[in-house]
Each structure stands twice: as C-alpha cells, then as structure tokens.
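What follows is a set of notes on a single structure, which appears directly below.
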Amino acid sequence: MKVAPHLKRRLVHSAFLLSAISAFTFGIAQLAPGTFLDDIRLNPQVSSRTIDLLRVEYGLDQPLPIRYVRWLSSVGKGEFGYSLAYNVPVSKLLWTRTQNTVLLGATAMLLGWMIALPLGIWTAFRPRSWIDRGSSVGSTLLLATPELALGMLFLLAATRWGILPAGGMMSIHSEQNRWLAITDVVRHLVLPAAVLALVAVPVLLRHVRAATVEALNSPFIQAAMGHGIGNGRLLLRHALPAAANPLISLFGLSLAGLVSGSFLVEIITGWPGLGPLFINAVFARDLHIVMAVVMLFSVVLVLASLASDLLLYAIDPRVRAEC
Amino acid sequence: MGGVSLLPACSPTRAMLEVRDLAVSYRDRDRTRVVFDALNFEIRTGEVLGMQGRSGCGKTSAALALLKLLPASAKVGGEVLFRGKDLLKLPQSQLRTVRGREISIIYQEPSLALNPVLRVGDQISEILRAHTALTSCERGERVRQILNDVQLGSERYYQAYPHELSGGECHRIVLAQALVCRPALVIADEPTAGLDHELKHEILDLIDRLQRDTGAALLLISHDRSVTSRLAVRTIDLSGVEERRLPAVSKPRTSIPKDQSFGSCEDSLVTVRKLIKTYKPQGMFRSNQAEKQVLRSVDLTIAKGSLTALVGPSGSGKSTFARCLALLETADSGEILFEGKNLLALRGEDLRSFRARLQYVFQDAAAALNPRLSAAEIIAEPLTIQNSGTREERVRRAEGLMEQTGLDPSAAHRSCHEFSGGQKQRLVIARALTLEPSLLIFDESLSGLDPETRDEILDVLVSLRHQMGITQLLISHDLELVSRVADNIVVMGNGRIVSQLNKKLETHSRASTGTEQLLDAKAQNPFVLSESN
C-alpha cells in the first residue's frame, strides 16, 4: 500500500465521518428544549406577532431536514450559518476567535512539551534521583488540582502582586504602537498559557518517562551500552527514536487539544477565544455558532490524527514496511 | 555451589584477561540466588577460549559481568583483570572506552540486539563514532569495509533496517559491530543459537576466519559442544555450578515403542487440502518485485493424537504453513478442515472458540513472553482472559503446569526475564497447555536449546501425548531430532510436501521431483536419516 492511496482513503473516510458528526450534532441540538426566541418572548415589550414574524424570518418554522440543508448550503458558501445573537454570518465571528484560541493553545502546547520532554527523558534515565522523585510528587499534585482551581490561584496571585494583567487579551490603550501591542498581548498570554501548560505537563511527563524507560530497558539499548556508546548519544540517538511511537500519537492528541483544550481557562481568564463564544452561544441557543465550533473541533481532531499517522510513517521504518 | 575448577594453568604474564573468583548473585525478593561464586579463568592474546554449560548455568551472566553490564539487581564480586586493570573497579567513563573498543560483545539474540528504527550501517558507524575521531565519510568507508568482511557487501545492507534482514544477516551485522573497532577480545554469547545447520556452519566459518585475520582473542560461549570444540583450543564448563531440576514427568526417554497404539489414531484431526499462500510485494519502493508463492498447493492430514513432524530447509514454507493452519495468516485458497469444520470459513465467535483449541508455541520464546508478568501470571493469562476460576485456582493451575513441564513451582512469582532460555521455552509450553488444546504447534521451539534441555522438552512433549492425548505438530529443520519422537514425518521443500513417512503404518510416499535436489542441497544431510528409519 502506498501513501497516496492510503491518504485518499483516509480523507474520504474523514469526509464521511464529518458529515455524520454534523447531522448528529444538528439533530441533538434540536432535541434540546427551547429556541433562540424564547428569551425574547420573556420581554413584555415584544409582541407575540413580532416573535412569529421573526420565527418565519429566521426559518425556525421549517422542519428539521430543511433547516439542516439550509445550514449545509451556508457552509458551502463559507459562512457556516448565521448567528442570531450577533446578527452576522458565523464565519466572521469564528475567524478572530479561532486565531486567539490557537495562539493560546499553541503557546501552552509548546510550553508543555518543552517542560515534559527533557524532564521525562532525564527522569527515565536517572530513576529514583531527587529530580525524579520531585517531578513525580509535583506531577501528582498538579494532576489532582482541578484546572479551575489552578486558574483561580493564578488570577489571585496576579491581582495580589500586580505583576501580570488578570484577564483579557489586550489593555485598552495598547494599540498606539505595534511593539507595545505585541508585548501587551504576550503579557496577557502568560497567565492562561501557564495554567494550560501546567495542566498538560503531568500527563505528557508520565508518557514521555514511561516510553523512554521502556526503550532504555530494551535489549538493543543494553547492546549499545555494551558497545561503549556514551550516555548522551545513547539517550538521544538510540533510545529516543525508539521511544517516539507512543509520543507521536500523544502529540497528535495534543494537536487536537490546540483548539478544544483551553475552554475553561479562556472563560475564567476572559481570553476572547472560542470558549466564551461557545458557552454564550449554548446559553443563548444560537445554534449555528454551536454547530460551527463543534465542527471545527472535529475537523482539527481528524486532521491531527492524520498528521500523527503521517509523522509515524515518516519516522518509523517498521510502520512504513507494514503499510 | 562450589567454585568452577580451572583449566590448565598458563603463564600469568601472558594472560590478557584474568578472571579471579568472579561471583554473581541476584537479589530475588528476600533471598539471594547465587549463580556462581568463584569463577576463575584467563585468556591469552589471540586465543580462543570456549565456555560451555547447560542453559541456565550462568554463561550469559559471566559474559555480561566481565563488562559490568549486568542489571542493578545483580551483585558481582571478584576481579576481572584486563591488561592489568580491574574492570570491575573502573569508573563508568573509563569502562565505556573499554566496551566495544577493547572488549566487544556479540549478543545472544541479534534480532533483539539491533535498534529497530536505525539503519544497520548507522548502527555500526555509531560504535566507530564513540571510539574514534574519524569523520563521517571515513566511518562510512570503514563500515562498508567491515560489511564486506562479513559478506554483506552490497549497499542495500548498509541502508537496511533490521526488520528487512533475515536471521543469518542479523547475525552478520552484530558480528560486524563487534569487530569494527578491532578489539583485542570478542565475547560471543551463543553466536549460532537459533540458526539452522547450514547457517550455523557459515557463521562459525566466518567467525573463525575473522578471528584469524584480526588476531583478536575470542571467548566463545555456547551450550553446543560441537560449536566450542570446533573453534576453541581450551574449554571451560560452567555446568557444575548449579544443580539442575529434572522434569517431574516420569516417562522413558524419547524413543517410542512402534507397536504402541495411539487410541483413535486413524481419525484425522486436521485435513488440509490444496492450501496456497502467496506473499505480495509490499512497501513504497518494492512495487517492481515479483510475487512470491510460499505454499504451492499443500495437502496434509494430521491424525488425532499423533505427533507429526514437519521438516525442511529454511524458506521451504514450513512456518508459513503452520501460521496459515493456526489462522495467524490467511491462506489465499484451499481448505483447512479441523474436525470436519472448514476453518477458513469461520467468523466471529466460532473463530474465537476455535483459537483456544489450537495453541502455537513460537520460535523465539523470549520474544513471546511479556517481561512485565511473573511466571504464574504468564501461564494463567489464558484463564484470566477466559475469566475462569478464582485467582488462587489459577495460580494453583499455573504451578501444576510448571511442575508438569519441569519447572520449579516455587519460582512462580519470579519475573519471566529471570528465567534462562530453556526455562522460558518451558514457560511458553506451559502457557500453551493452560487451555487444554487439542492441537499444539511447535514452530522451531527446540532450536537454540542445549542437548539435555532439548531431550527433556522432547520428553515433555511425548508425555503430553500419552497423558493428555494432545495432537502435536512439530516444525524443525533437524530431522534426526524429530524422528526420535514423531510418528509421521513430513518433508517440505519449495512450498510443497516432497516426502512423507508414517512410522506406524511403515508407509513412505515421496513425490518424485524435488526431493533429490533437496537431499543434495546440504553437505551434511539430515534427511538421509529419514530413509533409514
């Protein structure tokens, strides 16, 4: 089997999967009681006639399949539906929000791997050293701390000492100068990114350590030691490539988390990403935004797993031989 | 456990390596298990010293102890003097300059000793990089030269990954690794284990030639007397060190009386008709390769309760046939009738329940055991999967099976990597017996064992058939060996059955073509024996 046909088949599969997810999500969302207009109906200044007119205008009186097909056609036009709350096509809202979320997610992911990879390798190489014990205790503590509590703790520290801005993405007057604007965003980024990275590190660390320990215990590493290969070389050139397989799959998962992992943190730190948009849309029953965000997550997940498979194919000769 | 008696004394001034009172023991929970407590020997420059002994007597431990390569759970005492320096007292940094450069080691299982994700050429080059100041070009040059020396001259081998090489080629690669820095001493730990007769001699010839060319001293470790006696001038024997447990099976040794009736021997358990298997070319860059037909219409009947041996040279399709029979691979066409049911048509639940009735004992026992499990867990795992019995019952059953296969039940809690090669093979057999299968397939399970262990395991097989009536299919390249126990011998060559001999019925059929070529193909031909049986 060659790569190109394999890729083609995977993409066809993915297309089927995504359309199934979209139909399923659309149906489920409709099962939930209430529509966008229910909140307006509570307002005594709006007459029921106006509400009926709005119902017709938004197409909410149409049966489910027709609404689904309409949504699909708007996806085809690149609008991804129409937000009733914001009164704009969803694509306009989605784009900047996605950029903000990816900026936060990528920074956190980078930070998480930069901590977990060297620490995991080192603790695998020197088990039961004080670094290993310390990192084990630390990661257990972090694993047991809820994301929410960690975020609150950081916010508390930020307001108490005033080193970092507590929430948001930009200060009000930061746009006068480009350089100032960038440093301002970075300063705002530190807190949520640190929380996210600290949440991810324990899981990554454990996987990296376990994979490296397994590689180091394998007979071929013992053999390389017998050939007098030095420690650094042994670790980086011999053990790490052999330990890479599970880590690449994990990397694929963390790629998928790039857009979906930072929800809660975005909400509590007021980061204008997809998280607050999604939650508000759910409460407002602004269906098309919910649909668009869910589909975005699915697409990223599918692409991330494809990317990790391709990476695996590129790195491991045994996978290449099986394909 | 006493010290190992020594060889003829030789002048201490000329000895390159002197081992004095070497002791190795393992901490095993609370107790200490002594492997040997006073091993003494010496090796002179350019000398070949053989080291032999049964499996489990500590040969490999001795080899690894010389270079301080034993795991942390091992305690090593005594002195290893190499050119006057005690290797056991050297700090790691200095020891590293000795390993691979002055003393190199050839590991027992080459396919496991090679890194699966690095090209073999680079793996040899890495050793040069660790010990010399050569540039990468010079290293490449030197690697190609050493590959040429081990008769793997083509550029394909430099670029190959270990999984693309055959067993014999992997042996040559680890040989090249050991010799590339021109060490003063090479330790070869079972360099021919698991190889068939022909390959074994090729590798020994190669070791012999290279040893003469380079003038390196050689410590040759093998359970096989014919190997050590062929190259070594002197030989030490470690067998005296540990008392060996004999299997609890009280059956006469190996040979079976011919007049014995095997119950319903005439009923067939398995009937194979016109089985064909073709390997298609795989991978990105191999599309221009031709298809390889491995099985060309194989017909075979295995009688219930019989012990059938399937013999033939490497590449004759024996293993593929067995794997197809066990449904580990899917045959292209043909029929496999197991008690009248066509296996190739089984699906789902039927297929799952069939799998318990047939057990496959793999060639490489070490690779078929999960190193994280204890012996009892390994043997009881099929029961755990089937969720049968309580934990205590399962452990008791595991201990019973260990007893039955000649293992010490008190070792049930030990992790399986602490067992020797022969013991691992018994573990695998014990595990295969757990579900009381009706057919057992042994795929070269006897190769790589020393003669005594092999005989004991053959005893186990014979007793299994007598006591439990288990039908067995024994795949081997060693016809002399299987002819002692098998009542039906099937010879395969080139994907076909070329000859069949039924001991009980004294019938002998032979397809006219192919057999003679097969017989001529080997200098020392084991198949001749089949004619005289």
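The sequence lines fix the lettering, A, B, ..., with proteins before strands; numbering per chain opens at 1.
Your options are A:Gly226, A:Ala242, A:Pro219, and the one with the most heavy-atom pairs under 4.5 Å with chain B is A:Gly226. Note: B:Leu114 leads B:Val180, B:Leu95, B:Leu114 in heavy-atom pairs under 4.5 Å with chain A. Here B:Asn115 is the residue among B:Leu118, B:Asp122, B:Leu64, B:Asn115 with the most heavy-atom pairs under 4.5 Å with chain A.
B:His163 contributes atom NE2, which lies 8.0 Å from atom CZ of A:Arg320 (distance to the nearest 0.5 angstrom). Distance CD1/A:Ile229 to CZ/B:Arg99: 11.5 Å, rounded to 0.5 Å.
Side chain of B:Tyr107 to backbone of A:Gln222: a donor-acceptor contact under 3.5 angstrom is found. The main-chain N or O of A:His227 is found under 3.5 Å from a side-chain atom of B:His131 such that the two form a donor-acceptor pair.
Annotation for A:Glu214: atom CD does not count as buried by contact number, only 12 or fewer foreign heavy atoms lying within 6.0 Å. Counting non-hydrogen atoms of other residues, nucleotides and ligands closer than 6.0 Å to CZ of A:Arg233 gives a total above 12.
In this structure the side chain of A:Asn231 reaches within 4.5 angstrom of the side chain of B:Arg96, judged on heavy atoms. A 4.5 Å side-chain heavy-atom check between A:Ile315 and B:Val117 finds every atom pair outside the cut-off.
A pairwise comparison of heavy atoms in B:Ala130 and A:Gly228 identifies CB-O, 3.7 Å as the closest pair. The shortest heavy-atom contact between B:Ala113 and A:Ala223 is O-CB, 3.6 Å.
Contact of A:Asn217 with chain B is not made at all, since no heavy-atom distance falls under 4.5 Å.
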